[in-house]
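Only one structure is covered here, and it is reproduced in the block below.
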Amino acid sequence: GMALKYHALYYWVNGNYERAIVYAFEMLKVFESTTDKLGLSQAYNLLGLIYHRSNDYDKAKAYYMKALNVRQRAGLKKDVAYSYNSLGALCLNAEKYDEALAYFHNSLQIRKQINDEEALSQSYGNIASTYFTKKEYAKSLEYFQKTFQLLKDSPNKYRIATNLSILGEVYI
């Protein structure tokens, strides 16, 4: 199943969504025949990612929701937060900003509970970006400041640079 996942990811990254879907469904078949809930949820999530990237938002949401349900039932908190984040990103792309914020806040709450600082900075950044898109600049700034508090000592210079760039847009 994991080998099939990496085949699917290869094609997904290279924009060949038709081939990626073939491997993702093969991965799903493997994990449906096991008790591996993490693997099953990753198969559903991967299908969500592929459909998301290919702009089929309805299918993407359906698979993201399946991943979320498996993760919730299995008690995989970190992965539940990831699912909420994926759903938020999907809604943001679909210009459903209030729904995106609800999902991002769900992700944020779980990440606070489990003290996942790297992921917390992602949640704050996503919320800040959503408020920026809504032209609610004061709220965007508030969440970017929280992002930078977590990122100030991070070795992830790419994430810092990305957030600084967007923060520049907020000030403009």
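Considering CG of Leu120 and CD of Gln109, their distance stands at 9.5 Å, rounded to 0.5 Å. Interatomic distance, Ile110 CD1 to Lys112 NZ, rounded to the nearest 0.5 Å: 12.5 Å. If you take CG on Leu40 and CG on Asn45, they are separated by 11.0 Å, rounding to the nearest 0.5 Å. Summarising the geometry, atom CG belonging to Leu92 is positioned 10.5 Å from atom CG belonging to Asn85; distances are rounded to the nearest 0.5 Å. A distance of 9.0 Å separates OG of Ser121 from CD1 of Ile160, quoted to the nearest 0.5 Å. To the nearest 0.5 Å, the span separating CG on Asn126 from OG1 on Thr130 amounts to 6.5 Å.
For the residue pair Tyr84 / His105, no side-chain donor-acceptor distance below 3.5 Å is found, with atom types taken as modelled. Ser154 and Arg159 are not linked by any side-chain donor-acceptor pair at a separation below 3.5 angstrom, with hydrogens and angles left out of the test.
Under the 4.5 Å side-chain criterion, counting only non-hydrogen atoms from C-beta, Leu76 is in contact with Leu38. Within the 4.5 Å cutoff, the side chain of Leu49 has heavy atoms near those of the Tyr64 side chain. Under the 4.5 Å side-chain criterion, counting only non-hydrogen atoms from C-beta, Tyr137 is not in contact with Tyr131. The shortest distance between side-chain heavy atoms of Ser123 and Phe104 does not fall below 4.5 Å. Counting heavy atoms from C-beta on, the side chains of Tyr103 and Cys91 come closer than 4.5 Å. Between Asp79 and Leu68 there is no side-chain heavy-atom pair separated by less than 4.5 Å. Side-chain contact check for Phe31 versus Met2: some heavy-atom pair is nearer than 4.5 Å.
Nearest approach of Ala60 to Gly48, heavy atoms of both residues: CB-O, 3.5 Å. Leu46 approaches Met27 most closely through the heavy-atom pair CD2-SD, 4.0 Å. When every heavy atom of Ala24 is checked against every heavy atom of Ala8, the shortest pair comes out as N-CB, 3.7 Å. The two residues Val30 and Ser33 have their closest heavy-atom pair at O-OG, 2.7 Å.
More than 12 heavy atoms of other shown residues, nucleotides or ligands fall within 6.0 angstrom of atom OH in Tyr44. Summarising the local packing, CD of Gln113 is surrounded by more than 12 heavy atoms from other residues, nucleotides or ligands at distances under 6.0 Å. Within 6.0 Å of NZ in Lys157 there are more than 12 heavy atoms belonging to other residues, nucleotides or ligands.
In this structure a side-chain-to-backbone donor-acceptor pair under 3.5 Å is present from Arg111 to Ala119. The backbone N or O of Ala81 lies less than 3.5 Å from a partner atom in the side chain of Ser107, making a donor-acceptor pair. Looking at Asn14, its side chain does come within 3.5 Å of a backbone N or O of Tyr10 through a donor-acceptor pair. At least one donor-acceptor pair closer than 3.5 Å links the side chain of Ser54 to the backbone N or O of Ile50.
Classification of Asp98 and Lys134 as a salt-bridged pair holds, one side-chain N sitting under 4.0 Å from a carboxylate O. A salt bridge does not link Lys29 with Glu32: every distance from a Lys NZ or Arg NE/NH1/NH2 to an Asp or Glu carboxylate oxygen is 4.0 Å or more.
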Show your reasoning for whether side chain to side chain contact (heavy atoms under 4.5 Å, CB included) applies to Tyr17 and Tyr11. CA-CA 6 Å; Tyr17 305 128; Tyr11 287 110; over 6 Å; no

What's the verdict on side chain to side chain contact (heavy atoms under 4.5 Å, CB included) for Tyr23 and Leu9, showing C-alpha distance, side-chain angles and the deciding distance? CA-CA 9 Å; Tyr23 282 103; Leu9 285 171; over 6 Å; no

Take His52 and Tyr63 through the test side chain to side chain donor-acceptor pair (under 3.5 Å) and record every step on the way to the result. CA-CA 10 Å; His52 185 167; Tyr63 283 108; over 6 Å; no

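Under the 4.5 Å side-chain contact rule for hydrophobic residues, Phe132 and Leu108 do not share a cluster. A continuous path of Ile, Leu, Val, Met, Phe, Trp and Tyr side chains, each step under 4.5 Å between heavy atoms, connects Ile127 with Leu150, placing both in one hydrophobic cluster. By the criterion of side-chain heavy atoms lying less than 4.5 angstrom apart, applied directly or through intervening Ile, Leu, Val, Met, Phe, Trp or Tyr residues, Phe25 is not grouped with Val22; the two fall into different hydrophobic clusters. There is a path of hydrophobic side-chain contacts, each under 4.5 Å, that joins Ile21 to Val13. Under the 4.5 Å side-chain heavy-atom criterion for Ile, Leu, Val, Met, Phe, Trp and Tyr, Tyr171 and Ile166 are members of the same hydrophobic cluster.
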Pairs of donor and acceptor atoms involving the side chains of residues 139-148, under 3.5 Å and at least two apart or interchain, shall be tabulated with distances.
from, atom 1, to, atom 2, distance (Å)
Ser140, OG, Ala128, O, 2.8
Thr147, OG1, Gly125, N, 3.2
Thr147, OG1, Tyr143, O, 2.9

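Results of the side chain to side chain donor-acceptor pair (under 3.5 Å) test with Gln42 over Arg71, Lys5, Lys37 single out Lys5 as the only residue that passes.
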